Structure formats: C-alpha cells, structure tokens
Amino acid sequence: MAGAMDIATPTRTKDIIRKHGFTFKKSLGQNFLIDKNILDKIVDAAALNKDKGALEIGPGIGALTERLAQEAGKVAAVEIDNRLIPILEEVLSPYPHVSVVHGDVLKTDLAKLWAERFASCSQVSVVANLPYYVTTPIVMTLLEQKLPLDRIVVMVQKEVAERMAAKPGGKDYGTLSIAVQYYCVPDIVCVVPSGAFIPAPNVDSAVIRLTKREAPPVDVSDETRFFRVVHAAFTQRRKTLHNNLAALVGKDRKGELAGLLEASGIKPERRGETLSLQEFATLSEALASAGLIE
C-alpha cells in the first residue's frame, strides 16, 4: 500500500522534477497528479489484484504507476516522452514486475504488447491519466482493436467523461457516447479539481470507468455501416435526422428515406441526439435492407 514516500505529493513531485531538470511540454498535455486520494479512487475502480495486469498510458513521473505496481501482478507503462524514461526507470526500480515502454500508444502494436507483457495475467485493464488532446483517439483505439480488456479506468477532461456517459436527448450525447456505450458500460467515478495537478490545467477532470461488455447491447450485421449512420446523423447537430442522412444516401432518394424512417418508427424531423443505440441499430439495418446504403 501507499507509503510516506509516495510520488503523488506536491513535495515529492517537485523534488523529482527539480532533480532531473524536467520541464513540462504543453504540447504533450503533461499534468502530474499530486492527490493521493484521487489515486486511491482510480486504483479502487480498477479492481486489480496479483493475478491481473494493468496497462498505463502516459505515466509521467510514475505516481499512478507506483500505485498500480502495489496492486497488480504486471504493469506496462507506455510513455511517449523520452525525457521521462530515465526518471521512470529510477522511481520504479523497486518494482521488477513493471516495464516501461518508450513509444506512442497510437502507433504501438497493442496485441503484441499484450502477448509479451500480460501472458500470465487472468485479466488486463487500462488505467491511466490520459493527455486531454488524445483522449478520444486513445479510447477508440483500445475499443476498436477488440483487445482482451476487462475495463478502462481513465482520468479525462470532465466534459469528455460526461459525453462518454451521456444518455439520449441531451447536448452531451453524440457519436462518442454511442461508440463508448456500444462497447462498454460507463460510469463516472469522481470529479477531480484542477488543483490536484502540477501544473494545474484550465479545466476540471473526471475519472470514468468503462466496463467492457461481453457483447454489444444491440445487434448489427455490419459495425462499420452502423457507425457510418451514427456519424452521418450528427454531421450537423441542428439539422434533422432526415436532412443529415440525405447526404449519406443521396438527395435523389430523400423521399424513400422519409418513408423508411417512418416505417422504422422514427420521425424524420427528429435529431440524431434523440435516438437510442437500439434505434440507430434498427435504422442502419433498415437502410441496408432497402439498398439505401451499402
């Protein structure tokens, strides 16, 4: 468990930064967590044990990595900033079951990493304080690659967490909500004030847990087509579903589209943000069956 020399304190974080002459790169979205209580909430939400593995993305100087190492059987941390590698190797030296990988997670062969680092683990979760600027690409990469994941517990910008967990009908609900909820059950663990970081970001953060579903909650015959329909429905949020989808099927088939929407029990004047996952699934299958999309 946590000890007196935890990295996640303002004093220890500043000492490490000073010792190594580290300077923050704004372009990498570097904000180091200095609140042990938040770390505990993240680790608790991950439900780790010695049979399980944890993949961390963007470990920084290792505050969360240290806590993961105390709970999990294997930890792999992928860090893009080569300046942080020697710091991580030093602070994590007491933990031989932790490996630090220098690289960009979006360019990393994650299936290979799984095979190399987590072969002995019963389950693997992703646990990370994600840089804001790449949150969505990273989460979608993890989900779309269909990795053998148990759950994803990540700190993200508060408004992004709210979008991931949003229900139909509100301004937060959109393509990200649908994509996340197709693969996972989301729940927001806690909101994190900007003062919990060095340097403090300009916005509040939230920890969200995405528990991987064993199977999607809706049946679709083609996932790519399903997501094409979802994206089309939100192309211009203020436009009706009928107008947005007309661009997808072709203006010359707009009349057929209106009839198909009605036949599917969906009013053409509705907006994309009002449709449930089930309605999007019904719609994408109906469009395909009618030959309106491939």
Side-chain angles (χ1 to χ4, degrees), residues 1-17 22 24 26 28-49 52-72 75-79 81 84 87-88 91-92 95 98 100 105 124-136 138-139 142 149-165 180 184-211:
M1 276 303 294
M5 291 302 288
D6 280 344
I7 295 168
T9 63
T11 305
R12 181 102 196 275
T13 296
K14 286 172 183 171
D15 284 349
I16 292 169
I17 290 167
F22 181 80
F24 291 91
K26 202 167 183 182
L28 294 177
Q30 291 171 330
N31 305 93
F32 297 163
L33 193 57
I34 51 169
D35 187 321
K36 290 190 287 184
N37 293 327
I38 300 298
L39 274 184
D40 287 341
K41 288 179 181 178
I42 294 170
V43 174
D44 287 349
L48 297 165
N49 61 43
K52 297 181 180 180
L55 170 64
E56 188 185 6
I57 297 158
I61 58 169
L64 176 57
T65 328
E66 176 181 62
R67 290 288 287 110
L68 295 174
Q70 291 158 2
E71 304 291 334
V75 179
V78 180
E79 176 54 61
D81 188 348
L84 287 166
I87 302 176
L88 287 164
V91 299
L92 298 170
Y95 306 102
V98 175
V100 177
V105 74
V124 181
S125 294
V126 172
V127 192
N129 171 20
L130 292 179
Y132 290 159
Y133 75 105
V134 284
T135 294
T136 301
I138 287 173
V139 170
L142 292 169
L149 271 170
D150 176 42
R151 62 184 68 187
I152 299 171
V153 180
V154 285
M155 173 112 63
V156 299
Q157 196 170 330
K158 180 171 170 268
E159 66 178 44
V160 174
E162 288 168 346
R163 280 165 48 205
M164 289 181 184
V180 165
C184 302
V185 177
D187 59 290
I188 294 174
V189 174
C190 62
V191 173
V192 184
S194 58
F197 300 91
I198 290 178
N202 298 325
V203 294
D204 285 345
S205 305
V207 177
I208 189 164
R209 173 175 49 212
L210 308 175
T211 306

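Predicted model only: the values in this text are computed from it and were never measured.
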Just so I know, are the side chains of [X] and [Y] near enough to count as touching, which here means a heavy-atom distance under 4.5 Å?
X	Y	result
Leu210	Val139	yes
Leu149	Val126	yes
Pro59	Leu88	yes

With sequence neighbours excluded, tell me which residues meet side-chain hydrogen bond (donor to acceptor under 3.5 Å, both in side chains) with [X].
X	value
Tyr95	Gln70
Glu79	none
Thr65	Glu56

Criterion side chain to side chain contact (heavy atoms under 4.5 Å, CB included) on Asp204 and Ser194, from CA distance to verdict: CA-CA 5 Å; Asp204 285 345; Ser194 58; 4.3 Å; yes
Check ring-ring contact (aromatic ring centres under 6.0 Å, His included) between Phe24 and all other residues, then give those that pass, not counting sequence neighbours. Phe22, Phe32
Can you name the closest pair of heavy atoms from [X] and [Y] and give their distance?
X	Y	value
Ile34	Gly195	CD1-O, 4.1 Å
Val124	Ala54	CG1-N, 4.5 Å
Val127	Leu64	O-CD2, 4.0 Å
Leu33	Ala63	O-CB, 4.0 Å
Ala46	Ser125	O-OG, 4.2 Å
Glu66	Ile7	OE1-N, 3.0 Å

Taking only residues two or more places apart in sequence or in another chain, which ones pass side chain to side chain contact (heavy atoms under 4.5 Å, CB included) with [X]?
X	value
Pro131	Tyr133, Val134
Val78	Leu55, Val101, Val105, Thr108, Leu113
Asn49	Asp51, Lys52

Taking it one step at a time, do Met164 and Thr135 satisfy side chain to side chain contact (heavy atoms under 4.5 Å, CB included)? CA-CA 11 Å; Met164 289 181 184; Thr135 294; 4.1 Å; yes
Under the salt bridge (Lys or Arg N to Asp or Glu O under 4.0 Å) rule, collect the residues that match up with [X], sequence neighbours excluded.
X	answer
Asp15	Arg18
Asp187	Arg209
Asp81	Arg83

Is the shortest side-chain N to carboxylate O distance from Arg67 to Asp40 below 4.0 Å? yes
Quick one, Leu130 with Ile57, criterion side chain to side chain contact (heavy atoms under 4.5 Å, CB included). Give me CA distance, side-chain angles, the key distance, then yes/no. CA-CA 7 Å; Leu130 292 179; Ile57 297 158; 4.0 Å; yes
Which atom pairs, one a donor and one an acceptor, fall under 3.5 Å between side chains of residues 150-163 and the rest of the protein, sequence neighbours left out?
| unit_1 | atom_1 | unit_2 | atom_2 | d |
| --- | --- | --- | --- | --- |
| Arg151 | NH1 | Ala45 | O | 2.7 |
| Lys158 | NZ | Glu162 | OE2 | 3.1 |

Assess the residue pair Asp6 and Arg12 against the criterion (side chain to side chain contact (heavy atoms under 4.5 Å, CB included)); give the C-alpha distance rounded to whole Å, side-chain angles, the decisive distance to 0.1 Å, and a yes or no. CA-CA 7 Å; Asp6 280 344; Arg12 181 102 196 275; 5.9 Å; no
Just grab all the salt bridge (Lys or Arg N to Asp or Glu O under 4.0 Å) pairs involving residues 126-135, residues at least two apart or on different chains.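 Sorted result for residues 126-135: empty, none.
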Without swapping roles, check the side chain of Asn129 against the backbone of Asn31 for a donor-acceptor pair under 3.5 Å. yes
